[in-house]
Amino acid sequence: MKKLVLLSTCLLLLGGCLQQEEAVTDQLVGPLDTVSAVTLYGSDSRRIIDEVFAAVSDIDMRMSAISQDSELARISAGAGGPVAVSSDVFALVEEALAISAETNGAFDPTIRPVATLWDLGSGNERIPSDNEIAEAMSKIGYARVTLDKTTRGVSLDSLGMALDLGGIAKGYACDTAVAILKKNGARRGIIDLGGNIYAYGTKLGGKPWVVGVRTPIPGENGYFCTLNVSDKAVVTSGAYERFFEKDGRRYHHIFDPSTGRPADNGLLSVTIVASSATVADALSTACFVMGAERGRAFLAERRDAEGIFVTEGMDVLLSPGLLGQVEIADGRFRLAGEK
Ligand code: ADP
Ligand code: MG
């Protein structure tokens, strides 16, 4: 069993409500291999949070790449023939594959054989040989997944292939939580599923929430910049939480599907701001793989997502739509010039 890694939240919520309004906060530890925290204001919060946590646990059970009896594991075990899955698993695999195509394979939910090979978080990490990497690479490729809408069938084209929704499932769970808040008439709150933040509604009085983006340096828990958001997801992918070090190099858990190795583009983190947490999650992983230059060019072409890229040199680069909206809060980081 993969060791449970406890993450502190990647983003911090700042400047809460000034006026008094009762808040309920709770955490769920474990599902989605992370810590899920929800804060809600107003009546009925306790029951709504319970409903959110039940949904997060259910998504974890069905979409986990690790658990042997998840729907995802059934797809992987059935490589070669179609496996019928529930409608939301089907829809999420479909969305993941669409984003794979849009990102030219920087996001790839068939990355599992590569991720298993590196086995980050196992405690026995080592650098695989070139042959092992080539072997794992022969088992990935998003274009090798076939979907059949009428039967909700998912097929992988050869044995040894496996799906991994780890780069998108927390975002999906976050959107599911938002839907539960809306359905129950919740007015304001913050959802944080392992760094997949959704700022729901506004602060009391109508002002946007102020979200701090986690300093992307191992062992540090502060924030390096802030931005104001309302009804938006803010999702970060980075090289500072799940990694091991060998001979002075850091090997982390976001893999470049074109090399089979941890993405190595000189980035510390990428944060995506979008209305959809699912899109934000997948694109934060994809943009981390693409690097700052390609990632920003990619985002400049889209209307549904903006991004904050932090380089190893502590430069902070923004996609065009965020210019003027991000405030640096830590003098070690510099906002780079306009794109
Ligand atoms: P986190 O899950 O730590 O918030 P990400 O959203 O970036 O970070 O997702 C990383 C996870 O996604 C990895 O643990 C792995 O399961 C999976 N993954 C790694 N590389 C890729 C990739 N290039 N495309 C899609 N999924 C990936
Ligand atoms: Mg992601």
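As the structure lists them, so they are numbered: ligands from 1, and atoms in each ligand from 1.
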Please report whether ligand 1 has a polar contact with Thr236, defined as an N or O pair separated by less than 3.5 Å (distance criterion only). no
In one Ile/Leu/Val/Met/Phe/Trp/Tyr side-chain cluster, 4.5 Å: Met61, Ile75: no
Quick check: do Asn104 and Phe298 have side-chain heavy atoms less than 4.5 Å from each other? no
What pairs of residues pass the ring pair (Phe, Tyr, Trp, His ring centres under 6.0 Å) test when at least one of them lies in residues 144-177, not counting sequence neighbours? none
CD (Glu245) with more than 12 external heavy atoms under 6.0 Å: yes
Does Glu220 have more than 12 heavy atoms from other residues, nucleotides or ligands lying within 6.0 Å of its CD? yes
Per atom 6 (O) of ligand 1, closest listed option by heavy atom (Ile272, Asp33, Asp281): Asp281
Would you give the length of the straight line joining atom CD1 of Ile127 to atom CZ of Phe244, rounded to the nearest 0.5 angstrom? 5.0 Å
Please identify which atoms of ligand 1 are closer than 4.0 Å to at least one heavy atom of Asp164. 15 (C), 16 (O), 17 (C)
From the candidates His253, Lys170, Arg242, the one that places a heavy atom nearest atom 4 (O) of ligand 1: Lys170
Any chance CZ of Arg187 has more than 12 other-residue heavy atoms, nucleotides or ligands included, within less than 6.0 Å? no
With clusters defined by side-chain heavy atoms of hydrophobic residues (ILVMFWY) lying less than 4.5 Å apart, directly or transitively, does Leu323 cluster with Val213? yes
Neighbouring protein N, O or S atoms of the Mg ion (ligand 2) [cut-off: under 2.8 Å, no waters]: Gly167 O, Asp281 O, Asp281 OD1, Thr285 OG1
Ala106: numbered ligand 1 atoms lying under 4.0 Å from its heavy atoms: 22 (C), 23 (N), 24 (N)
Judged by modelled atom types alone, do Glu95 and Thr278 share a side-chain donor-acceptor pair under 3.5 Å? no
Taking distance alone, with no angle check, do Ser284 and ligand 1 share an N/O pair under 3.5 Å? no
Interfacing atoms of ligand 1 (cut-off 4.0 Å, heavy-atom, Ile254): 7 (O), 19 (C), 20 (N)
Taking N or O atoms only and a 3.5 Å limit, does Phe107 qualify as a polar contact for ligand 1? no
State yes or no: do Phe243 and Leu117 share one hydrophobic cluster built from I, L, V, M, F, W and Y residues joined by side-chain heavy-atom distances below 4.5 Å, directly or via other members? no
Examine Ala115 against ligand 1 and note whether any of their N/O atoms are separated by less than 3.5 Å. no
Just to be sure I'm reading this right: ignoring hydrogens, which of Gly167, Ala65, Ala239 gets closest to atom 12 (O) of ligand 1? Compare them by their nearest heavy atoms. Gly167
Which ligand 1 atoms does Pro257 reach within 4.0 Å, using its non-hydrogen atoms? 23 (N)
